[in-house]
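Written below as structure tokens is the structure these notes are about.
For the numbers below, each heavy atom of this structure counts, side chains included, while hydrogens, waters and symmetry mates do not.
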Amino acid sequence: MTASGTSTLTRPRQLGIGRRRLLAMAGASTAAMSVGACSRSNGRLAFWRPPVGELSWENLFFKDRVIPQYEHAKGKSPVDLLVIPWDSALTKYTAGFVGSQPPDVTYQIVPWMNRFRDSGALLDLAKAAGSGLDSYFAGVPDSIAEVVYGPKQQRYGLPISAGHFVLALNEAVWERAGRPALPTTYDEMIPFARKMTFDRAGRTMDQAGFDAKNIAVWGFGWPGVPGIQTNYVWNYLWSYGADIVSKNRRDIGFDNDAGRAALKHMKAMVDSGAATPMTLYSGTDGWDDLLVSGRVAMAWTEFLSTKQASRFPNARLKVIELPAGPAGKFVVGAAGYYAIAAKSRHQTEALDFIEYLLQPQLRREYIRGILSYPLTPVPDSYFDGLPDPRITAFLKAGAKQTRYSRLTPVLPYEPQEYLVGAFNDYLLGHVSLDTMIKQTSSQVKQMASAAHWPK
């Protein structure tokens, strides 16, 4: 999500985003404009989606090329494309599904699938197509596939692509610091970040006279914005052996020694002086260029966009190996899906359209265009020929880490943004760790109860 998602994988500016919306939470705001029309005459398919790639690219790929080609190939089933801004997509989808003319085909991310999967809004594709869907799930990680499954093995969507953030390094800053050994564990990240932090006079944190009030380069970027954090914060819990929610999904999963250790590590990084102030920017936009511009040495990031590559022609980013915690290596995964409305009047045509979009060559072009990752391992040549060799190298390295991806729990309620906000209260020193854990436990129990979980 990557996605995604959000997640993702969800630029709101957005995935990041271009596509941050794809990632685990898809928390983003975007100035994207709608293209097409909501209403349609009989026989026309309504295809709704947020802009997972840059809006101009989405229009060229779907509106000006793929849809006309599909209409010509089929000689029927014209398609109306509606591109919806990320910040209004969920509201638009919700209203559309309860109306008399719902969108026939929609692009979904994990949180939206969690919301619509069991509500009756989406068509069970397994009933509509049977075993013909099996090829779309061959080799797809279980965590991505299970997002679309109902309790009786219904399949409410088909997966498209995967996404995740990576830990990346600005190579110019690293070289300026003398190329210190790269961190391989979470414990090593803090001393590494200190070595990469410079004040405006060029002194590092370990040198006499370092001016902490006038930092020119922070060693680590830590944005206090849930729309970004939800794409990497859960890495820490998983790597230390904790989880977002408990196994029964009725409570938090970090009220234990492992969860406390992960949260204490986060706070140690925030308090180290080597991390950006969490309140440096209030929205997502200000954080985007800190790493590529060299104001931050290391950060969790989605990708190097084509616009960034153009604006910073000399920037060099290095994807480094994921740090390990006591429980191993993990990265927050995301995914994108296509789904059909249960009340669609054109279900057969809608499924035919989705299968057209998921042809191997079109899917490859789409994944490369949105700078995302395939669902299954691919050769390095998969990303050859992109507009900038730095983007190609970034995606090749990131794709190798997809095997560590783990999606957030499949839930009928959405606690993640609330939990990140609560984490931030603790990280900023507004509440103690014990108080934060007590409050989040109470709130998540209420969310689960309100969602009638378990059903």
Side-chain angles (χ1 to χ4, degrees), residues 1-5 7-9 22 45 47-49 52 62 66 69-70 73-74 77 79 103-164 333-344 346-368 370 372-379 382 399 402-411:
M1 29 285 129
T2 266
S4 249
S7 68
T8 157
L9 114 130
L22 165 67
L45 289 178
F47 177 31
W48 291 8
R49 59 177 300 114
V52 182
F62 287 106
V66 174
Q69 287 179 355
Y70 171 76
K74 300 299 179 179
S77 302
V79 179
D104 299 291
V105 177
T106 54
Y107 179 93
Q108 300 279 341
I109 56 175
V110 175
W112 301 348
M113 285 297 305
N114 286 352
R115 178 175 184 134
F116 297 123
R117 182 184 52 250
D118 301 322
S119 68
L122 304 179
L123 178 68
D124 175 12
L125 302 180
K127 182 179 295 185
S131 60
L133 299 179
D134 290 349
S135 62
Y136 297 106
F137 291 86
V140 174
D142 290 344
S143 61
I144 290 177
E146 73 172 2
V147 171
V148 307
Y149 281 107
K152 298 181 180 180
Q153 297 302 296
Q154 301 98 322
R155 291 178 177 178
Y156 293 109
L158 296 182
I160 307 162
S161 61
H164 59 81
Y337 306 85
Y338 287 136
I340 298 174
K343 295 194 296 183
S344 167
H346 315 290
Q347 295 176 358
T348 300
E349 293 85 353
L351 181 58
D352 183 65
F353 178 56
I354 290 176
E355 292 182 320
Y356 183 86
L357 294 177
L358 293 181
Q359 295 177 89
Q361 183 57 35
L362 274 185
R363 188 202 294 245
R364 179 175 182 265
E365 290 183 39
Y366 171 73
I367 290 173
R368 287 159 50 91
I370 63 172
S372 191
Y373 302 115
L375 297 166
T376 56
V378 293
Y382 190 92
T402 299
R403 67 185 185 275
Y404 298 113
S405 30
R406 174 174 172 180
L407 269 65
T408 51
V410 175
L411 300 167

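Taking all atoms of both residues into account, the shortest heavy-atom contact from Pro103 to Ala341 is O-CB, 3.1 Å. Smallest separation of non-hydrogen atoms from Val140 and Ala145: CG1-N, 4.1 Å. Across Ala335 and Tyr337, no two heavy atoms sit closer than the pair CB-OH, 3.5 Å. Of all non-hydrogen atoms in Asn114 and Pro409, the two that sit nearest each other are ND2-O, 3.7 Å. The shortest non-hydrogen separation linking Leu375 to Pro141 is O-CD, 3.3 Å. The two residues Ile367 and Pro374 come nearest to each other via the heavy atoms CD1-CA, 3.8 Å.
Here the side chain of Glu365 pairs no donor or acceptor atom with the backbone of Leu362 at under 3.5 angstrom. Side chain of Ser372 to backbone of Ala162: a donor-acceptor contact under 3.5 angstrom is found. Within the 3.5 Å criterion, the main-chain N or O of Arg155 finds a donor-acceptor partner in the side chain of Asp124. With hydrogens and angles ignored, the 3.5 Å screen pairs no side-chain donor or acceptor of Gln154 with any backbone N or O of Ala126.
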Kindly indicate, with the supporting measurements, whether the criterion side-chain contact (heavy atoms from CB on, under 4.5 Å) is fulfilled by Phe353 and His346.
CA-CA 10 Å; Phe353 178 56; His346 315 290; over 6 Å; no

Can you check side-chain contact (heavy atoms from CB on, under 4.5 Å) on Ile144 and Phe137, steps first, answer last?
CA-CA 9 Å; Ile144 290 177; Phe137 291 86; over 6 Å; no

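With contacts defined as side-chain heavy-atom distances shorter than 4.5 Å, the pair Pro159/Val147 does not qualify. Using a 4.5 Å heavy-atom cutoff, the side chains of Val410 and Arg117 are in contact. The shortest distance between side-chain heavy atoms of Tyr70 and Leu357 does not fall below 4.5 Å. Here the side chains of Gln108 and Tyr156 are not in contact, with every heavy-atom distance at 4.5 Å or above. Put simply, the side chain of Tyr366 does not reach to within 4.5 Å of the side chain of Val66, judged on heavy atoms. At a threshold of 4.5 Å between non-hydrogen side-chain atoms, the residues Ile370 and Ser161 count as touching. Side-chain contact between Leu122 and Met113 is present, with heavy atoms from C-beta onward closer than 4.5 Å. You'll find the side chain of Thr106 stays beyond 4.5 Å of the side chain of Trp112, heavy atoms only.
Considering CG of Leu351 and CG of Leu158, their distance stands at 7.0 Å, rounded to 0.5 Å. For the atom pair Leu123 CG and Lys343 NZ, the distance stands at 13.5 Å (nearest 0.5 Å). Rounded to the nearest 0.5 Å, atoms CZ (Arg406) and NE2 (His164) are 15.5 Å apart.
Tyr338 and Tyr107 have perpendicular rings, their planes meeting at more than 60° on a 0 to 90° scale where under 30° would count as parallel.
For Arg368 and Tyr382, the positive end is not near the middle of the six-membered ring at less than 6.0 Å and at most 45° from its axis.
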